[in-house]
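Treat the numbers as computed from the prediction; the structure is a model and nothing was measured.
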Amino acid sequence: MVTFVPSRPGRLADVPAFSRGIGGAESNVACTLARVGHTARWISRVGADGFGDHLVAEIAAAGVDVSYVRRDPDRPTGVYFRTAGERALGETDGGDGRGEGGGEGEGGGEELSEVVYYRAGSAAAAMSPDLVPREQTWSGRVLHLTGITAALSDGCRALLRELTTRAPGRPLVSFDVNYRTALWRGGGAGRLLDLARGCDLVFVGEDEAGAAWGLRGAAAIRAALPEPEVLVVKQGSAGATAYARRPAGGDEVTCEPAPRVEVVAAVGAGDAFAAGFLSGTLRGLPVAERLRHGHLMAAAALTVPGDLGAPPAREHADGLVALDAGAWGTLRLAPGWTDAGPVSAEVATP
């Protein structure tokens with residue numbers, strides 16, 4: 001989607017101008033992975049309009065392969081507008097009431113944003129199994145999906161059901177639950193649980209699991225989701241817990257605290273975290289290091305006003321990830337930290 005970020009703080013009713021950027025959970029992940037050196041391809045549909053031109057050009061400029069993006073002559077590219085606070089679970093789709101969202105966000109306790117989507121009837125909402133061939137979705141080592149796509153239309157849900165059905169030869173399937181109450185007003189949050197059960201790697205926030213499924217705590221979430229080989233439970237500013245199935249049975253449980261971050265806008269952090277963890281997965285890193293890379297990518301997103309932050313260079317990120325527990329616990333990441341180069345005293349000093 002194309003995103004519009006306010007020129008100054010305030011309610012959507014009061015903000016006089018917006019700057020244009022790009023957004024969307026899956027494209028955010030693809031852009032971040034490409035920027036840290038991985039090969040990434042984005043599969044989607046956008047309108048044959050100016051916003052579609054902008055979206056495809058910007059994602060391609062990040063190094064993402066957009067050759068499988070289709071242009072729809074009959075449906076527009078989706079857009080959304082937001083204010084500067086915390087992205088809420090209760091976002092509202094502008095094409096389905098055009099109200100303004102509010103609710104508990106990932107960080108908790110911070111000012112919530114107003115987020116309004118205009119994507120009902122969009123080109124992306126027209127995706128279906130008939131329009132997205134399996135040879136495209138199975139063409140990489142990892143296929144990353146999100147629950148937001150499943151909420152867009154019946155065709156999108158059918159596509160996600162097909163892609164999360166276990167079958168020989170499929171790639172590692174990654175799924176970020178991305179639950180938003182406004183997108184599931186008629187109920188159906190249980191469908192996200194069913195989709196997650198068919199995946200190999202699942203990301204879910206503790207707040208999402210509570211709102212969607214009434215589950216409290218990482219252990220309860222794992223008990224409800226035993227099928228994925230790896231389950232990552234995001235716990236906001238406290239960090240994240242990963243459950244990785246051992247070959248002999250049972251789980252290896254790994255918890256990693258998040259560094260302290262001077263937040264500019266709490267938008268896009270979940271997508272960035274997923275990209276960091278996926279990057280570590282593709283590199284074959286231990287789970288603890290994958291979690292730390294997720295935290296660092298999230299911090300890169302949190303310290304800029306838009307959905308996408310410039311990630312740190314791999315050498316810089318690897319140096320921070322290698323810190324011992326004490327040094328990691330003293331990290332303070334402020335705007336501009338990704339430009340600091342190799343590990344520096346300024347970045348790592350309490």
Side-chain angles (χ1 to χ4, degrees), residues 24-33 36 38 40 87 89 105-107 141-151 160 163-164 171-180 183 189 191-213 215 217-245 251-258 266-282 285 287-302 307:
E26 296 89 351
S27 60
N28 286 346
V29 171
C31 287
T32 301
L33 284 170
V36 297
H38 297 284
R87 174 172 286 179
L89 286 175
E106 283 183 17
R141 292 172 57 194
V142 173
L143 171 62
H144 181 68
L145 310 167
T146 82
I148 290 179
T149 298
L160 268 287
L163 294 176
T164 57
L172 184 150
V173 177
S174 166
F175 184 71
D176 194 337
V177 171
N178 262 327
Y179 175 69
R180 298 292 182 263
L183 300 180
R191 296 174 183 173
L192 290 173
L193 194 59
D194 291 338
L195 292 173
R197 286 174 172 149
C199 300
D200 305 301
L201 165 60
V202 172
F203 301 94
V204 63
E206 268 191 335
D207 56 349
E208 295 177 292
W213 308 319
L215 300 173
I221 299 169
R222 182 53 163 172
L225 266 175
E227 294 87 356
E229 184 177 341
V230 178
L231 171 69
V232 179
V233 180
K234 298 176 291 182
Q235 297 160 306
S237 58
T241 299
Y243 294 83
R245 188 181 302 121
D251 283 325
E252 178 182 350
V253 183
T254 306
C255 302
E256 279 293 330
V267 181
D271 302 331
F273 179 93
F277 191 93
L278 286 170
S279 175
T281 300
L282 289 165
L285 300 180
V287 171
E289 294 184 21
R290 300 179 203 180
L291 289 171
R292 286 193 175 188
H293 276 286
H295 289 320
L296 292 176
M297 292 301 175
L302 290 168
D307 280 32

Side-chain touch His295/Phe273, heavy atoms, less than 4.5 angstrom: yes
Enter the distance from Leu291:CG to Leu296:CG here, rounded to the nearest 0.5 Å. 11.0 Å
Would you call Leu225 and Tyr243 a side-chain contact if the rule is heavy atoms closer than 4.5 Å? no
Evaluate the criterion side-chain contact (heavy atoms from CB on, under 4.5 Å) for residue pair Arg290 and Val232; output intermediate values, then yes/no. CA-CA 10 Å; Arg290 300 179 203 180; Val232 179; over 6 Å; no
If I take atom CG from residue Leu195 and atom OG1 from residue Thr146, how far apart are they, to the nearest 0.5 angstrom? 10.5 Å
Residues Asp194, Arg191: salt bridge by 4.0 Å N-O rule: no
Hey, could you give me the OG1/CG distance between Thr241 and Leu231, rounded to the nearest 0.5 Å? 9.5 Å
Nearest 0.5 angstrom please: Ser279 OG to Leu285 CG, how far? 7.0 Å
Is there a side-chain contact between Leu278 and Val29, using heavy atoms and a 4.5 Å cut-off? yes
Does Leu145 form a side-chain contact (heavy atoms from CB on, under 4.5 Å) with Glu26? I'd like the steps, not just the answer. CA-CA 7 Å; Leu145 310 167; Glu26 296 89 351; 5.8 Å; no
Show your working on side-chain contact (heavy atoms from CB on, under 4.5 Å) between Leu282 and Val142 and close with a plain yes or no. CA-CA 8 Å; Leu282 289 165; Val142 173; 3.7 Å; yes
Would you compute the distance between atom OG1 of Thr164 and atom CG of Leu143 and round it to the nearest 0.5 angstrom? 9.5 Å
Distance col, row Leu215:CG vs Ile221:CD1, nearest 0.5 angstrom, shows 6.0 Å
Arg245 side chain vs Pro226 backbone, donor-acceptor pair below 3.5 Å: yes
Between Phe277 and His293, does the ring-ring contact (aromatic ring centres under 6.0 Å, His included) criterion hold? Intermediate values first, please. CA-CA 6 Å; Phe277 191 93; His293 276 286; over 10 Å; no
Does Glu229 CD have over 12 foreign heavy atoms under 6.0 Å away? no
Leu192 side chain reached by Phe175 side chain, heavy atoms, under 4.5 Å: yes
In the structure I gave you, are the side-chain heavy atoms of Lys234 and Asp176 within less than 4.5 Å of one another anywhere? yes
Partner set under salt bridge (Lys or Arg N to Asp or Glu O under 4.0 Å) for Glu256, not counting sequence neighbours: Arg292
Do Arg222 and Pro228 come close enough that some side-chain heavy atom pair is under 4.5 Å? yes
Apply side-chain contact (heavy atoms from CB on, under 4.5 Å) to Asp271 and Thr32, showing your working. CA-CA 9 Å; Asp271 302 331; Thr32 301; over 6 Å; no
